[in-house]
Amino acid sequence: MNDFAQQVIDWQQQQGRHDLPWQQAITPYKVLVSELMLQQTQVSTVIPYFQRWLARFPDVETLAQAEQDEVMALWQGLGYYARARNLHKAAKAIAELGAFPSDLVSLQQIPGIGRYTAGAILSFAYDAYGPIVDGNVRRLFCRYFALEGHAGQSQLEKRLWQLAEQLTPAQNNRRFAQGLLDLGATLCTARKPDCERCPLQADCQAYRLQQVEHFPRPKPKKVKPSKEGHFLWVQQQDQLLLEQRPDSGIWSSLLALPQVDPADPVLQQAESVGSFRHQFSHYQLEATIWQPQQQVEELAGQGWYHRRQLTEVALPAPIRKWIEQQLKQSGVD
DNA sequence: CACCCGTGGAC
DNA sequence: TGTCCAAGGGT
């Protein structure tokens, strides 16, 4: 085994994280669920979702047989909702296969599993050889080897995977992979890295140059566009009109207040009853909520929901926030 | 390669 | 309040 791997493994054993929920009584299913949830999402955010998910969907078969409504409801608030649909599809595919895939090619055929996640499943579920490059590994390698370039640059990414394949040990890779992630999450952090506690300090090129925080290079910023969104507030006794959003685009597969085009005639005779601003990763939403003066007939994909049902359906976080505030203010309940 | 896809934590 | 960014994948 190479020295780098041995140092990471030894450190993980002594100083790494061992109490994460998905590290207990490891199964491929738990690894799959946790990895999908952890994509672009912090550990502390994922933990309660993971616990609820395992309580309701304890195994692949249970998830495969679940209704999409319930799947989305358990994912609501976590974001990147295509992950929930992909996980549901993955469970169906694996149930159909009759066995959990355990090689790189088969894993990457499954919806939601890319190169990183396939490597992570090999590492964590099977303790097999499975190189990983995620944000932690990118940051750590860029510093350790003083690699130029920023995330997404093909030349850099190619080099990172090459290094990962080279450094990943044939044995004990579960601990190695966990060590890389733990180092990135606890010491080799984006801001204020704790180099004095790092087991790799002696050979870290960025540390030697005293330029740790200059690696990796930041991605060039782009201007975040602003978009407007118009939503309808339609009540009928204690019921609220909601619509199922399509399976693509923002908030896909969730329920939400009915959204209308800015030029929709219904807005010409509607009263503005509120607004909010919401930041997405790629644009800013300026939302206005309108109460139509005339009666509104529900369209296809729309339906009435009692306010007591709202806790158990999948709503976008800012929409839920606004609805709850509105119901509270209007003195209902 | 560029863009789309959410949300909340941390500073 | 603004900004970065977090166990990425899909198109």
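So you know, we letter chains A, B, ... as the sequences are listed, proteins then strands, and number each from 1. The figures that follow rest on heavy atoms only: side chains count, while hydrogens, waters and symmetry mates do not.
Residue A:Pro218 is out of contact with every strand shown, counting any heavy-atom pair closer than 4.0 Å. Counting non-hydrogen atoms under 4.0 angstrom, A:Ala120 reaches nothing in the nucleic acid. Counting any heavy atom pair closer than 4.0 Å across all strands shown, A:Gly184 reaches no nucleic acid atom. If you check every strand for non-hydrogen atoms under 4.0 Å, A:Leu181 touches a base. As judged by a 4.0 angstrom heavy-atom cut-off over every strand, A:Arg115 is placed among residues touching the sugar-phosphate backbone only. Nucleic acid contact for A:Trp22: base, since at least one base atom lies under 4.0 Å from a heavy atom of the residue. Counting any heavy atom pair closer than 4.0 Å across all strands shown, A:Leu20 reaches a base atom. When heavy atoms are screened at a 4.0 angstrom cut-off, A:Leu36 is found touching no nucleic acid atom at all. Across all strands, A:Val137 comes closer than 4.0 Å to no nucleic acid atom at all (heavy-atom distances). Residue contacts for A:Gln178: at a heavy-atom cut-off of 4.0 Å it reaches a base atom on one of the strands shown.
Listed pair A:Arg139 / C:dA6 meets the phosphate criterion, a side-chain N or O lying under 4.0 Å from OP1 or OP2. Applying the 4.0 Å criterion to OP1 and OP2 of C:dA6, one finds that A:Gln40 has every side-chain N and O outside that range. Remark: A:Lys224 is not in phosphate contact with C:dT3, judged by side-chain N or O atoms under 4.0 Å from OP1 or OP2. Phosphate contact (OP1/OP2 of B:dT7, side-chain N/O of A:Tyr81, threshold under 4.0 Å): present. A close approach under 4.0 Å does occur between a side-chain nitrogen or oxygen of A:Trp251 and OP1 or OP2 of B:dT7. Residue A:His282 has no polar side-chain atom (N or O) positioned under 4.0 Å from OP1 or OP2 of B:dC3. Residue A:Lys219 has no polar side-chain atom (N or O) positioned under 4.0 Å from OP1 or OP2 of C:dC5. For the pair A:Thr117 and C:dG9, the criterion of a side-chain N or O lying under 4.0 Å from OP1 or OP2 is met.
Taking atom CG on A:Leu254 and atom P on B:dG6, their separation rounds to 8 Å, with Å as the unit. Spacing between atom CG of A:Leu285 and atom P of B:dC4 amounts to 14 Å, rounded to whole angstrom units. Atom pair A:Arg85:CZ and B:dC5:P shows a separation of 11 Å (rounding to whole Å applied). Between A:Gln284 atom CD and C:dT1 atom C1' there is a gap of 12 Å when expressed in whole angstrom units. One interatomic measurement links the two molecules: CG of A:Leu38 to C1' of B:dG8, which rounds to 14 Å at whole-angstrom precision. Atom pair A:Leu107:CG and C:dG9:C1' shows a separation of 15 Å (rounding to whole Å applied). Atom-to-atom, NZ of A:Lys227 to C1' of B:dC5 comes out at 11 Å; the value is rounded to the nearest Å. Summarising the geometry, the separation between CG on A:Leu104 and C1' on C:dG9 is reported as 15 Å, rounded to the nearest angstrom.
With both ends at atom P, the span from B:dG8 to C:dG9 equals 23 Å, rounded to whole Å. Atom name C1', nucleotides B:dC5 and C:dC5: the rounded distance is 15 Å, in whole Å. Separating the P atom of C:dA7 from that of B:dA2 is a span of 24 Å, rounded to the nearest Å.
Residue side chain A:Arg138 does not reach the base of C:dA7 through any donor-acceptor N/O pair under 3.5 Å, judged by distance alone. Side-chain atoms of A:Thr41 and base atoms of B:dG6 include a donor and an acceptor less than 3.5 Å apart. Interface remark: the A:Thr45 side chain does not form any donor-acceptor pair with the B:dG9 base, using a distance-only criterion of under 3.5 Å.
Candidate nucleotides B:dG9, C:dA6, B:dG6 were compared by shortest atom distance to the side chain of A:Ala190, and C:dA6 ranks first. Among the nucleotides C:dG10, C:dG8, B:dG6, the one closest to any side-chain atom of A:Gln39 is C:dG8. Comparing atom distances between the A:Phe280 side chain and each of C:dA6, B:dG6, C:dC4 picks out B:dG6 as nearest. For A:Ile250, whose side chain is taken as the heavy atoms from C-beta onward, the closest listed nucleotide among B:dC5, C:dA7, C:dG9 is B:dC5. Of all nucleotides listed (B:dT7, B:dA10, C:dA7), B:dT7 comes nearest to the side chain of A:Ser281. Checked against B:dG8, B:dT7, B:dC5, the side chain of A:Tyr80 finds its nearest nucleotide in B:dC5. Out of C:dA7, C:dG10, C:dA6, the shortest distance to the side chain of A:Gln42 is found at C:dA6.
Proximity of the aromatic rings of A:Tyr144 and A:Phe215 is defined here by a centroid distance below 6.0 angstrom, and this criterion is not met. Residues A:Trp22 and A:Trp53 place their aromatic rings such that the two centres sit no closer than 6.0 Å.
Heavy atoms only, all atoms of each residue included: A:Pro258 and A:Leu242 are closest at CD-CA, 4.2 Å. In terms of heavy atoms, A:Ile289 sits closest to A:Leu232 at CG2-C, 4.4 Å.
Taking the ring centre of A:Tyr80 as origin, the terminal cationic atom of A:Arg83 falls outside the region bounded by 6.0 Å and 45° from the ring axis. Because its NZ or CZ atom is not both nearer than 6.0 Å to the ring centre of A:Tyr283 and within 45° of the ring axis, A:Lys224 does not count as a cation-pi partner of that residue.
The 5' end of DNA chain B is approached more closely, in terms of each residue's nearest nucleotide, by A:Ser154 than by the other of A:Ser154 and A:Gly79. Along DNA chain C, the nucleotide nearest to A:Gly135 and the one nearest to A:Lys221 differ in position, and the one closer to the 5' end is contacted by A:Lys221. Along DNA chain B, the nucleotide closest to A:Gly152 and the one closest to A:Ser252 are compared, and the more 5′ of them pairs with A:Gly152. In this structure, A:Gln23 and A:Gln279 both approach DNA chain C, and ranking their closest nucleotides by distance from the 5' end singles out A:Gln279.
Between the side chains of A:Gln269 and A:Gln294, at least one donor N or O lies within less than 3.5 Å of an accepting N or O.
With respect to the salt-bridge test (charged N to carboxylate O, under 4.0 angstrom), the residues A:Glu157 and A:Arg138 qualify.
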- request: Could you please spell out the steps behind the side-chain hydrogen bond (donor to acceptor under 3.5 Å, both in side chains) verdict for A:Thr117 and A:Gln39?
  value: CA-CA 9 Å; A:Thr117 303; A:Gln39 287 171 5; 3.1 Å; yes
